[in-house]
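Everything numeric in this text was worked out from a predicted model, so none of it was measured. Whatever order the structure lists them in is the order used to number ligands and atoms, beginning at 1. In what follows, every heavy atom counts, from backbone to side chain, and hydrogens, waters and symmetry copies are set aside.
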Amino acid sequence: MKNILELLQMTAAALPDKQAVTAPDGACTWRELLHDTERVGTALAAWTAPRHPIPVLMEKGRHALCAFFGAVQAGCFYVPLSPALPEARLRQIVEVLRPPCLVTNQENSELAERLLPGGAVLDIGDLLRTAPDPAALTHIRRGMTGEDPLYCLFTSGSTGTPKGVVISHRAVLDFIPSFTALFGIGAEDVIGNQAPFDFDVSVKDIYGAMQTGATLAIIPRQLFSQPAQLMDFLDESRVTTLTWAVSALCLVSALHGLDYRTPSAVRRVLFSGEVMPPAHLRNWMKHLPQAAFVNLYGPTEITCNCTYHRIESDDIDPAGVPLGRPFPGRRVFLLDEDGREISRTGQTGEICVGGAGLALGYYNAPEQTARFFVQHPDNRRYHERIYRTGDLGQYDAQGALRFCGRRDFQIKHMGHRIELEEIERAAAQLDGVTQCCCIYDEDKSGLHAFYTGTAESAAVFRQLAQCLPVFMLPRTFERLEQLPLTPNGKVDRRRLLAIARRETL
Ligand code: AMP
């Protein structure tokens with residue numbers, strides 16, 4: 001199998017009338033989903049040659065999926081764009097992509113026109129009314145390979161521009177069957193989708209359902225601020241599988257959603273994205289004693305996850321849950337500062353990943369790609385491409401990998417991956433700001449910015465809010481005469497953290 005649409009065709013043939021998707025914008029069977037994508041694909045093929053990015057600007061739902069796989073039918077790859085992002089950021093992304101067209105819906109058409117002025121802004125409703133041309137689609141498919149891009153997801157970039165991670169058909173086809181087999185996901189399951197489609201956590205929901213014929217129940221976004229309704233939804237929809245971000249599980253637990261009602265059909269809870277706080281994990285395990293709990297680890301660049309760890313008892317090590325062992329077909333290892341592989345227990349190194357899951361790189365960013373996707377430094381014998389995650393890890397006495405933080409200034413805040421340098425660069429471009437340094441107080445989950453210059457902090461905040469998403473906006477902005485420096489001339493982040501906490505060093 002080399003094209004993801006083969007999975008869709010296979011499931012549509014095996015389970016044509018089974019519910020594929022339920023979403024706020026409608027439900028459909030597997031056969032209907034396939035036919036809709038053929039209509040959209042036929043229409044899109046008139047606007048673009050294969051292997052181009054097709055941004056899809058709309059809320060997650062049935063229509064977004066039709067647009068995604070329609071783009072793939074046309075030989076292209078899709079780029080989910082959240083209408084909730086600030087317009088300036090969406091514009092940055094569109095500039096990186098330079099797409100031949102953009103697919104949207106009525107609600108977002110004005111925004112789409114502003115993002116692609118004079119360009120082809122296509123309405124999903126119109127595309128769905130096109131008569132399918134199976135011969136044209138077959139012709140496109142013949143020219144495709146498994147190495148062709150399937151999707152591109154944007155994440156924060158330290159250069160000040162978001163990075164578009166490009167993932168191939170092959171990477172997803174390599175990962176999803178081992179993912180569903182390891183955790184026993186099948187046609188009878190109902191997958192409760194939490195993650196937005198521009199997050200790679202959702203890739204497991206979408207393709208896990210497509211491969212097995214499970215139903216993808218897309219949870220309306222607003223339910224995540226209404227835990228009682230969320231629990232009603234999960235229980236009434238008989239959701240069996242939660243592949244959620246840690247931040248979403250913590251939110252439900254902190255707001256006592258589980259005390260109100262337990263989603264009784266849930267059999268597995270698979271979480272990823274950041275370190276799972278033991279107290280919240282114990283709370284979930286207490287309410288769902290029949291469910292399997294698994295910690296999944298990995299950055300978007302390696303296609304979802306590269307290691308997993310099943311949690312066998314609620315006696316959770318205060319040092320945290322291990323990242324565990326590699327998925328089949330993935331090579332996960334630690335490199336020391338000299339580029340040598342570490343096998344010794346307790347020695348810290350950078351987590352590196354090899355194998356079929358590696359991204360094709362960052363779209364339109366060859367320097368960034370060359371920096372992170374590199375030849376294995378200790379292999380001079382043949383070409384072995386690896387991804388340097390920037391995460392630090394150690395092996396424990398049982399041989400499982402454990403997370404030990406980052407070697408750079410990337411953080412996770414409210415479930416979002418953020419490069420602090422991106423905030424700093426955005427601030428330093430504003431009038432009246434000369435220099436900016438941003439720090440993250442992990443204990444209090446707070447982002448704080450310090451800057452030099454003449455600008456008032458309220459003005460800095462106002463301007464930043466126009467170009468950065470809400471989750472990237474620092475909680476405080478403090479103007480300093482100069483940023484404190486360490487003896488070797490770098491900004492002293494420890495001192496800034498102390499200032500933010502009003503502590504003395
Ligand atoms: P993303 O690309 O948004 O999935 O973010 C990937 C980063 O999130 C990783 O490089 C880690 O820093 C962090 N991360 C992902 N999963 C875990 C986990 N299970 N435990 C700790 N950190 C994680």
Side-chain angles (χ1 to χ4, degrees), residues 80 82 151-158 162-167 171-172 175 179 194-205 242-250 269-278 280-281 284 293-311 316-317 319-327 330 332 334-335 348-353 357-359 361-362 368 372-373 386-394 396 400-420 422 440 442 445 469 471-472:
S82 165
Y151 62 80
C152 173
L153 299 180
F154 276 81
T155 179
S156 171
S158 59
K163 293 187 291 199
V165 183
V166 185
I167 300 290
V172 175
F175 176 67
F179 175 76
Q194 167 266 322
F197 285 175
D198 55 348
F199 268 66
D200 92 327
V201 177
S202 67
V203 168
K204 289 170 275 190
D205 294 339
L242 306 182
T243 306
W244 283 16
V246 164
S247 53
L249 291 176
C250 291
V269 181
L270 315 171
F271 53 87
S272 63
E274 57 199 294
V275 176
M276 180 75 186
H280 288 311
L281 178 55
W284 272 91
F293 283 80
V294 184
N295 184 21
L296 302 168
Y297 158 79
T300 308
E301 285 87 338
I302 55 87
T303 313
C304 304
N305 305 118
C306 51
T307 68
Y308 67 99
H309 178 83
R310 291 177 206 270
I311 293 136
I316 297 151
D317 186 337
V321 184
L323 304 181
R325 290 165 204 284
F327 275 92
R330 263 117 211 269
V332 182
L334 298 177
L335 284 184
T348 305
E350 181 177 3
I351 305 177
C352 296
V353 187
L358 257 55
Y362 300 113
Q368 292 284 308
F372 295 99
F373 295 87
I386 64 165
Y387 173 67
R388 301 193 75 128
T389 65
D391 289 323
L392 297 171
Q394 269 183 14
D396 66 16
L401 196 59
R402 283 182 175 271
F403 184 69
C404 307
R406 295 279 309 171
R407 63 191 294 248
D408 57 13
F409 302 119
Q410 181 181 300
I411 59 150
K412 274 292 170 93
H413 175 51
M414 295 159 66
H416 297 272
R417 170 171 157 181
I418 300 171
E419 303 274 0
L420 295 178
E422 190 178 352
Y440 188 60
E442 262 184 60
S445 304
F471 56 81
M472 284 176 84

Q. How are the rings of W284 and W244 set relative to one another: parallel (under 30°), tilted (30 to 60°) or perpendicular (over 60°)?
A. perpendicular
Q. Step by step, would you call H413 with F471 a ring pair (Phe, Tyr, Trp, His ring centres under 6.0 Å)?
A. CA-CA 7 Å; H413 175 51; F471 56 81; 8.1 Å; no
Q | Close side-chain approach of I386 to V353, heavy-atom, < 4.5 Å | A | no
Q: Pull out every atom of ligand 1 sitting under 4.0 Å from any heavy atom of P299, numbered as shown with elements.
A: 2 (O), 6 (C), 10 (O)
Q.
Please report whether the ring centroid of Y362 lies less than 6.0 Å from that of F373.
A. yes
Q: Heavy-atom distances under 4.0 Å are what count here, so tell me which part of M276 touches ligand 1: side chain, backbone, both or neither.
A: neither
Q. Centres of the H416 and F199 rings: under 6.0 Å?
A. yes
Q: Identify, for atom 5 (O) of ligand 1, the protein heavy atom at the shortest distance, and state residue, atom and that distance.
A: K412 NZ, 3.0 Å
Q. At the 4.0 Å heavy-atom cut-off, does L323 count as touching ligand 1?
A. yes
**Q.** N or O pair under 3.5 Å between G273 and ligand 1
**A.** yes
Q. Counting heavy atoms only, which part of R417 comes closer than 4.0 Å to ligand 1: side chain, backbone, both or neither?
A. side chain
Q.
Which of the numbered atoms in ligand 1 are under 4.0 angstrom from any heavy atom belonging to N295?
A. 19 (N)
Q. Between Q194 and D205, which heavy-atom pair has the shortest distance, and what is it?
A. N-OD2, 4.0 Å
Q) Under a 4.0 Å heavy-atom limit, does L296 contact ligand 1 with its side chain, its backbone, both, or neither? A) backbone
Q: Give the residue and atom name of whichever protein heavy atom lies nearest to atom 9 (C) of ligand 1, and the separation in Å to one decimal.
A: D391 OD2, 3.2 Å
Q) Atoms of ligand 1 less than 4.0 Å from G298 heavy atoms? A) 4 (O), 6 (C), 16 (N)
Q) Taking the six-membered ring for Trp, are F179 and F327 parallel (under 30°), tilted (30 to 60°) or perpendicular (over 60°)? A) tilted
Q. Nearest protein heavy-atom contact for atom 18 (C) of ligand 1: which residue, which atom, what distance?
A. E274 O, 3.6 Å
